[in-house]
Amino acid sequence: QVQLVESGGGLVQAGGSLRLSCATAGRNFRNYAMGWFRQAPGKERECVAAISESGGTIYYHDAVKGRFTISRDNAKNTVVLQMNSLKVEDTAVYYCALDHTVRLLRIGPDYWGQGTQVTVSS
């Protein structure tokens, strides 16, 4: 059993920032890659960012490079997505995800959180 609980979503104006957090439980967080996906209504799911167990491998979608930062705190079993310079097109439900590696996570994560809504207004 794995539990992933996202928090930090909300409404923000374009150009603003949000910090999404994912709390994990049910297994050793330190042994797994973690990531964030997003899905907007009528659009395909896309992987926004991912980070390996040690933090040595990090992936960002081209659309968020330079604006979003993924990090993890293994002592607290959390992963964070810092979202800066938000754009209207960033509006989506953001999901925390877990898998063994960044590559596997991007293909199809083993576990998902419930999602947190991010809405960016103009």
Side-chain angles (χ1 to χ4, degrees):
Q1 291 183 293
V2 173
Q3 295 174 271
L4 306 173
V5 181
E6 303 96 333
S7 62
L11 175 65
V12 65
Q13 290 184 318
S17 298
L18 286 173
R19 183 178 184 269
L20 306 183
S21 296
C22 176
T24 66
R27 62 178 61 198
N28 191 344
F29 167 83
R30 291 172 291 181
N31 293 334
Y32 296 90
M34 301 291 297
W36 292 89
F37 287 73
R38 68 184 182 187
Q39 188 165 31
K43 298 182 180 179
E44 295 182 349
R45 179 196 69 188
E46 61 184 9
C47 184
V48 176
I51 185 168
S52 63
E53 63 184 62
S54 66
T57 299
I58 297 177
Y59 162 82
Y60 292 107
H61 193 285
D62 286 345
V64 307
K65 286 182 178 178
R67 300 189 298 117
F68 292 8
T69 302
I70 189 169
S71 62
R72 64 192 298 160
D73 186 338
N74 288 346
K76 297 181 179 180
N77 290 346
T78 59
V79 61
V80 168
L81 186 68
Q82 179 65 44
M83 309 164 67
N84 298 326
S85 301
L86 283 162
K87 303 175 180 179
V88 172
E89 51 263 44
D90 294 320
T91 296
V93 178
Y94 284 72
Y95 298 90
C96 182
L98 177 148
D99 212 326
H100 289 81
T101 67
V102 168
R103 181 180 66 85
L104 291 172
L105 187 147
R106 291 179 58 198
I107 293 171
D110 283 345
Y111 297 96
W112 300 85
Q114 84 286 355
T116 185
Q117 177 70 47
V118 171
T119 302
V120 184
S121 65
S122 60

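Please read all numbers here as calculations on a predicted model, not as lab measurements. FYI, side chains are in, hydrogens and waters are out, and symmetry mates aren't considered; it's all heavy atoms of this structure.
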Is there a side-chain contact between Trp36 and Leu20 (heavy atoms, below 4.5 Å)? yes
Are the side chains of Ser52 and Tyr32 in contact, using a 4.5 Å heavy-atom criterion? no
For Gln3, look at atom CD and say whether over 12 heavy atoms of other residues, nucleotides or ligands are found less than 6.0 Å away. no
For atom CZ of Arg45, decide whether the heavy atoms of other residues, nucleotides or ligands shown that lie under 6.0 angstrom number more than 12. yes
Thr78 versus Ser21: any side-chain heavy-atom pair under 4.5 Å? no
Looking only at heavy atoms, what is the nearest atom pair of Arg106 and Cys47, with distance? CG-SG, 3.9 Å
Exactly one of Val118, Thr116, Asp90 clears side chain to side chain contact (heavy atoms under 4.5 Å, CB included) with Arg38, and that residue is Asp90
Flag the pair Arg72 / Met34 as yes when at least one side-chain heavy-atom distance between them is below 4.5 Å, and no otherwise. yes
Could you measure the distance from the CD1 atom of Ile70 to the CG atom of Leu81? Nearest 0.5 Å is fine. 6.0 Å
pair Val79-Cys96: side-chain heavy atoms closer than 4.5 Å: yes
Flag the pair Lys87 / Val120 as yes when at least one side-chain heavy-atom distance between them is below 4.5 Å, and no otherwise. no
Looking only at the side chains, is there a donor atom on one of Gln114 and Glu6 sitting less than 3.5 Å from an acceptor on the other? yes
Just to verify, which of Tyr111, Trp112, Tyr59 counts as forming a ring-ring contact (aromatic ring centres under 6.0 Å, His included) with Phe37? Trp112
Output, in order, the C-alpha distance, side-chain angles, deciding distance and verdict of side-chain contact (heavy atoms from CB on, under 4.5 Å) for Thr119 and Ser121. CA-CA 6 Å; Thr119 302; Ser121 65; 5.6 Å; no
Close side-chain approach of His100 and Glu53, heavy atoms under 4.5 Å: no
Given 3.5 Å as the limit, does a donor-acceptor pair link the side chain of Asp73 with the main chain of Ala75, or not? yes
Between Val48 and Tyr60, is there a side-chain heavy-atom distance shorter than 4.5 Å? no
Heavy-atom pair of closest approach, residues Val102 and Ile51: CG2-C, 3.7 Å
